[in-house]
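Worksheet: the structure to be examined is printed underneath.
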Number of protein chains: 2
Amino acid sequence: MASQRGEGEMNTTPAEPADRERARAIPEAAVARLAVYLRVLSGMADQGVNAVSSEELSQAAGVNAAKLRKDLSYIGSYGTRGVGYDVEVLVSHIERILGLTRNHSVAVVGIGNLGHALANYGGFPGRGFPVTALFDVDADLVGIPVGGIPVSHIDDITAVCVEREVSIGVIATPPPAAQSVCDRLVSAGVQCILNFAPVVLQVPDNVEVRKVDLAVEMQILSFHVARRADEAAGVSVGNNGLGVDGMVIRP
Amino acid sequence: MASQRGEGEMNTTPAEPADRERARAIPEAAVARLAVYLRVLSGMADQGVNAVSSEELSQAAGVNAAKLRKDLSYIGSYGTRGVGYDVEVLVSHIERILGLTRNHSVAVVGIGNLGHALANYGGFPGRGFPVTALFDVDADLVGIPVGGIPVSHIDDITAVCVEREVSIGVIATPPPAAQSVCDRLVSAGVQCILNFAPVVLQVPDNVEVRKVDLAVEMQILSFHVARRADEAAGVSVGNNGLGVDGMVIRP
DNA sequence: TACCGCTTGTGAACGCATGCACAAAGTCGG
DNA sequence: CCGACTTTGTGCATGCGTTCACAAGCGGTA
C-alpha cells in the first residue's frame with residue numbers, strides 16, 4: 001500500500017511525535033471509525049450536547065468502548081479523566097486529522113443513474129466535498145447541468161481536472177469503461193479514487209483507491225442468508241444428524 | 001477436519017452437509033474476496049477461458065496468490081496441481097458457497113435519487129438479486145413504476161415484504177427515517193439489510209447489516225490526501241488548541 | 001488539603017488474517 | 001514407466017487489530 005519508504009527517520013525516536021506523525025500510524029480501520037464518530041459527535045453538537053463519555057459515544061457509534069478510546073488515543077489525548085470528552089474539541093480534532101479543514105474538490109465520471117444520484121447529493125453528505133466536475137461520454141449530456149454542475153465531455157477530463165484541482169475522482173461508469181477512466185484520472189493528477197464500477201482497478205502505488213461494490217455487498221449478505229438457512233435446517237437436528245455411519249465430528 | 005469424500009461430483013451438486021459446515025468457518029474477509037473472484041472468473045468464462053492458475057487469477061483480482069489459494073481452500077480442493085483451476089467448476093462452487101444458487105428477493109426503501117438508481121439497476125449487478133418491492137413515504141410516488149416495479153407505500157412494508165418473501169432490504173432513505181425503516185423491515189422478518197443511510201443502525205443479533213457510507217469513504221480518502229500532502233510538505237504541521245492552521249515546521 | 005469515585009489512556013494478551021515456503025500431487029516429454 | 005517441471009494446498013511465523021484490565025489523573029467533597 002502506497003510507496004513505503006523507510007517509514008521512520010532511522011532510529012531517532014522523537015520524544016513527542018507531532019500530530020501528523022501520528023496520522024501515519026493510524027490503522028486504516030480506525031480511520032473509518034473516526035469518520036463515524038465524527039458524524040455521531042456532530043449530531044450531538046447540533047443537539048446541544050457538549051460533553052460525552054467514551055461509553056455513551058461508543059454505544060451511539062455501535063462499537064466497543066475500549067476500541068473507541070484506543071481509536072481516539074491515536075489522534076491524541078483530548079479527554080478529561082473522570083469526566084469524558086468535550087464534543088466540540090473532539091469534533092475539531094477529528095476533522096483536522098481527517099483533513100476536513102480544507103475542501104476536497106470531487107469529480108464524478110459517468111452520469112448514468114448512479115452518477116445522477118451522486119451529483120444530486122450536492123456537496124456530498126457531511127459537506128467539505130464540493131462536486132466541481134461531471135463527465136460522460138454521451139455528447140447529448142454535455143453542457144446539461146446536473147445538480148447545478150454542467151456535464152463535461154470525458155475527453156476533457158485531464159484539462160478540467162487539473163484546472164479545477166480535483167483531488168478525488170468518483171467512477172460511476174459501466175464496468176468496461178472504468179479502467180480507462182481511471183487511467184485518465186490518474187494522468188490528470190488525481191490521487192484518490194472512489195470506484196463504484198464492479199472492476200478491479202490497476203493503479204500506480206501512489207494512488208489510493210476505495211471501492212464500493214454493490215454486487216459484492218449483496219453476495220456477502222447472500223452468504224449469510226444461506227448460512228442461516230443451513231443452521232436453521234441443521235441445528236434442529238443437532239450434531240447427531242451426521243454420525244450415521246459412526247463418523248466422529250470434531251468438538 | 002473432514003477429508004474429502006465426493007470426488008466425482010461436478011456442478012449442479014446439491015448442498016451437502018460437510019460443505020455447509022465449512023461455510024461457517026470462512027472468514028468474513030475471505031467471503032468478500034470470493035465474490036470478487038467470482039466476478040473475475042465469470043468474465044473469463046465469458047471470454048472462453050476454461051482454465052486458470054492461482055497466479056493469473058490473483059493478479060486479475062488484485063490480491064496475493066497465496067491468499068487466493070487459501071481463500072479457495074476454505075471452500076474445498078477443486079484445483080489440479082500442476083495445472084490450475086477449471087473456471088466453470090470454480091464458478092459453480094463459489095456460487096454455491098455464496099448461496100447464489102437461489103434467488104434473493106430484494107426490497108428498496110426510499111425512492112429518492114439513490115433509490116431510483118438502485119431500482120433501475122434492474123436485478124442488481126451479477127443477477128440473482130431480483131428487486132421485487134419498492135417503498136417510499138411519498139404518496140405521490142405510490143403506484144408509479146420505477147425500473148418496472150410499482151412503488152408501494154411504506155406503511156405496507158410488513159405485508160408486502162412477507163408476501164414477496166423479501167430476504168434483503170436496502171435502505172436508501174434520508175438519515176432520520178433509517179432506523180424506523182430498519183425496525184419495520186426487521187419486524188417483517190427481513191434478516192439482511194444493506195444500509196446506505198449515514199446512520200448507525202441498531203438491530204437484533206440475528207440480523208445482518210452491511211453499510212455503504214459515502215461520507216465515510218470520502219473522509220477516508222480525505223485522510224489519505226492530507227497524509228500525502230503532509231509527507232510531501234516535508235515534516236509536520238503543528239496545531240495546538242485553537243490555531244486554525246499556522247504552518248509550523250518542526251525539526 | 002486529603003480523600004473518593006469516576007473515566008481516560010494504554011500496556012499486554014489474545015485472536016484473526018496475511019504472506020512465506022515447501023511438501024504433495026499432478027502433467028508432460030522422452 | 002520415469003524423471004523433471006509445474007502448481008496446488010497448507011503448516012507456520014509474522015503482523016495487525018481487538019479486547020481486557022488497571023494505573024493514572026481529574027473533579028468534587030468534607
Side-chain angles (χ1 to χ4, degrees), chain A residues 1-2 4 7-8 15-17 19 22-37 41 49-87 89-90 93-94 97 220, chain B residues 1-5 7-8 19 22 24-37 41 49-87 89-90 93-94 97 220:
Chain A
M1 207 175 264
Q4 62 218 49
E7 55 159 67
E16 193 73 39
D19 291 337
R22 277 192 155 121
R24 224 178 300 176
I26 303 180
E28 187 81 7
V31 173
R33 287 191 297 267
L34 283 171
V36 174
Y37 305 154
L41 285 165
V49 179
N50 44 21
V52 67
S53 71
S54 63
E55 186 60 38
E56 294 170 294
L57 183 51
S58 70
Q59 281 207 335
V63 302
N64 181 295
K67 192 191 296 190
L68 179 136
R69 289 200 299 273
K70 178 141 291 199
D71 287 344
L72 292 182
S73 79
Y74 290 127
I75 66 174
S77 297
Y78 302 115
T80 305
R81 294 171 191 234
V83 179
Y85 301 89
D86 181 293
V87 174
V89 169
L90 221 45
H93 281 291
I94 295 178
I97 290 290
I220 293 173
Chain B
M1 49 179 66
S3 308
Q4 67 276 37
R5 339 113 275 145
E7 43 257 12
D19 289 334
R22 272 189 164 123
R24 223 177 298 176
I26 303 180
E28 187 82 7
V31 173
R33 285 190 297 268
L34 283 172
V36 175
Y37 306 153
L41 287 165
V49 179
N50 44 22
V52 66
S53 71
S54 63
E55 186 60 38
E56 294 170 295
L57 184 51
S58 69
Q59 280 206 335
V63 303
N64 180 294
K67 192 192 296 187
L68 177 137
R69 289 200 299 273
K70 180 145 294 196
D71 288 344
L72 292 182
S73 79
Y74 289 127
I75 67 175
S77 297
Y78 302 114
T80 305
R81 298 174 189 229
V83 178
Y85 301 89
D86 181 292
V87 175
V89 169
L90 220 44
H93 281 290
I94 295 177
I97 289 291
I220 292 172

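Chain identifiers are assigned alphabetically (A, B, ...) following the order of the sequence lines, protein sequences preceding nucleic acid strands; residue numbering begins at 1 within each chain.
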Any chance you could measure A:Leu57, atom CG, to A:Leu68, atom CG, to the nearest 0.5 Å? 4.5 Å
Could you list the protein-to-nucleotides 11-18 of chain C atom pairs, N/O on both sides, closer than 3.5 Å?
residue	atom	partner	partner atom	Å
C:dG11	O6	A:Lys70	NZ	3.4
C:dA12	N6	A:Lys70	NZ	3.2
C:dT18	OP1	B:Arg33	NH1	2.8
C:dT18	OP2	B:Arg33	NH2	2.8

What's the CG-C1' distance between A:Asp86 and C:dT7, to the nearest Å? 15 Å
Indicate yes or no: at least one non-hydrogen side-chain atom of A:Glu28 is less than 4.5 angstrom from one of B:Ile220. yes
Can you tell me how far apart CG (B:Leu72) and CG (B:Leu90) are? Round to the nearest 0.5 Å. 5.0 Å
Rounded distance (Å) that lies between atom P of D:dT18 and atom CD1 of A:Ile26: 13 Å
Taking the side chain as everything from C-beta on, heavy atoms only, tell me whether B:Asp71 gets closer than 4.5 Å to B:Ile26. no
Say you draw a straight line from NZ of B:Lys67 to OG of B:Ser54; how long is it, rounded to the nearest 0.5 Å? 14.0 Å
Please give, in whole Å, the distance from C:dT7 P to A:Leu72 CG? 16 Å
Can you check whether A:Tyr37 reaches A:Val63 side chain to side chain, under 4.5 Å on heavy atoms? yes
Do A:Glu56 and A:Tyr85 come close enough that some side-chain heavy atom pair is under 4.5 Å? no
Roughly how far, to the nearest 0.5 Å, is the NE2 atom of A:His93 from the CG atom of A:Asp86? 9.5 Å
Output one letter per nucleotide in nucleotides 1-8 of chain D: B when a protein non-hydrogen atom lies under 4.0 Å from the base, S when only the sugar-phosphate is that close, - when neither is. -----BBB
